[in-house]
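Just so it is clear, the values below take in all heavy atoms, side chains as well, and ignore hydrogens, waters and symmetry mates. Index from 1, following the sequence. Bear in mind that the values here come from a model prediction, so they are computed numbers and not experimental data. Whatever order the structure lists ligands and atoms in, that order sets their numbers, starting from 1.
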Amino acid sequence: MTTARDIARAYLPGQYHYWYARSKLASDPLYDGVGAALDGCDHPLLDVGCGIGLLAHTLRARGFRADYAGVDIDARKIEAARAAAAKAGLARVRFDVLDLAADFPAHRGTVCILDVLQFVPRSTQARIVDACAACLAPGARLVIRTGLERDGWRLRITRAIDRFSERLGWMRGDPPRYPRREALEAQLAQLGLVARFEPLRGRTPFENWLVTAERAG
Ligand SMILES: C[S@@+](CC[C@H](N)C(=O)[O-])C[C@H]1O[C@@H](n2cnc3c(N)ncnc32)[C@H](O)[C@@H]1O
């Protein structure tokens, strides 16, 4: 069985990504949640804003065998993702640098976009969701994790941490803008998708939701 420590070791000798992977995998239910959302779905996967590619490792560890492609604007993260995937011997995995504000990769299959939407302007968010939906093959899924614009202390903490990440240079862009649930629901429905919204926070204090969508019928 591949453990969180095994996955993190692929990011060595760099200590920074090693410890990031250890703490992220230990504290955030994201990758288990996405893995469960994709169980039984073996379409090629596009990971939009993939960061250092942790999803590729966690999905392979749970038996996901289809092609995986990750894109991210941050060339250093893509470099770390490529090196770690090679070290872990992940097959049929590729990573490319791409700015979603300017471009979107050609893809047919499943799409994941995890903790990314809040880092692009609202007008770009809508365009990215349209582009993700256009990639969906019949039976394939669109999996989104995002904070949602709602009242309450959880969103205040989420926003503070996202701003902190930007100040430290972990994230680029403007202050975070969380999608509004009603707008996202309406857009997905208009695109002909049936969507399920579930909180995905685990024991974290964040206002995080997992949205799983498929073509209706
Ligand atoms: C919070 S990280 C999430 C990383 C990954 N999805 C995960 O959950 O492990 C957000 C990612 O979005 C990427 N990102 C932000 N704006 C982007 C853009 N315009 N184009 C491509 N990637 C972008 C950042 O570089 C960062 O890696």
Any nitrogen or oxygen of [X], side chain or backbone, less than 3.5 Å from one on ligand 1?
X: F119; answer: no
X: V48; answer: no
X: D115; answer: no
X: K77; answer: yes
X: Y31; answer: yes
X: D47; answer: no
X: L114; answer: yes

Note to self: Please tell me whether L12 and W19 are part of a single hydrophobic cluster in this structure, the criterion being side-chain heavy atoms less than 4.5 Å apart.
What the structure shows: yes
Item checked: Over 12 foreign heavy atoms within 6.0 Å of CZ, R92 -> yes
Notebook entry, point to check: If you count the non-hydrogen atoms of other residues, nucleotides and ligands that lie under 6.0 Å from CD in Q15, is the total more than 12?
Noted result: yes
Atom [atom1] of [X] and atom [atom2] of [Y]: how far apart are they, to the nearest 0.5 Å?
X: Q118; Y: N208; atom1: CD; atom2: CG; result: 7.5 Å
X: R156; Y: R159; atom1: CZ; atom2: CZ; result: 10.0 Å
X: L54; Y: L59; atom1: CG; atom2: CG; result: 10.5 Å

Numbered atoms of ligand 1 (with element) below 4.0 Å of [X], judged on heavy atoms:
X: V116; value: 12 (O)
X: L30; value: 8 (O)
X: G51; value: 4 (C), 27 (O)

Margin query: For D42, give me all partners under side chain to side chain donor-acceptor pair (under 3.5 Å), at least two apart in sequence or on another chain.
Written below: none
Heavy-atom distances under 4.0 Å decide this one: backbone, side chain, both or neither, for [X] against ligand 1?
X: F104; value: neither
X: C50; value: backbone
X: L98; value: backbone

Check: Does R181 make a cation-pi contact with F197, if we ask for NZ or CZ under 6.0 Å from the ring centre and within 45° of the axis?
Finding: yes
Next item on the list: Answer yes or no for L54: is there a heavy-atom contact with ligand 1 below 4.0 Å?
Entry: no
Next item on the list: Give me the ring orientation class for H17 and Y11: parallel if the planes are under 30° apart, tilted from 30 to 60°, perpendicular past 60°.
Entry: perpendicular
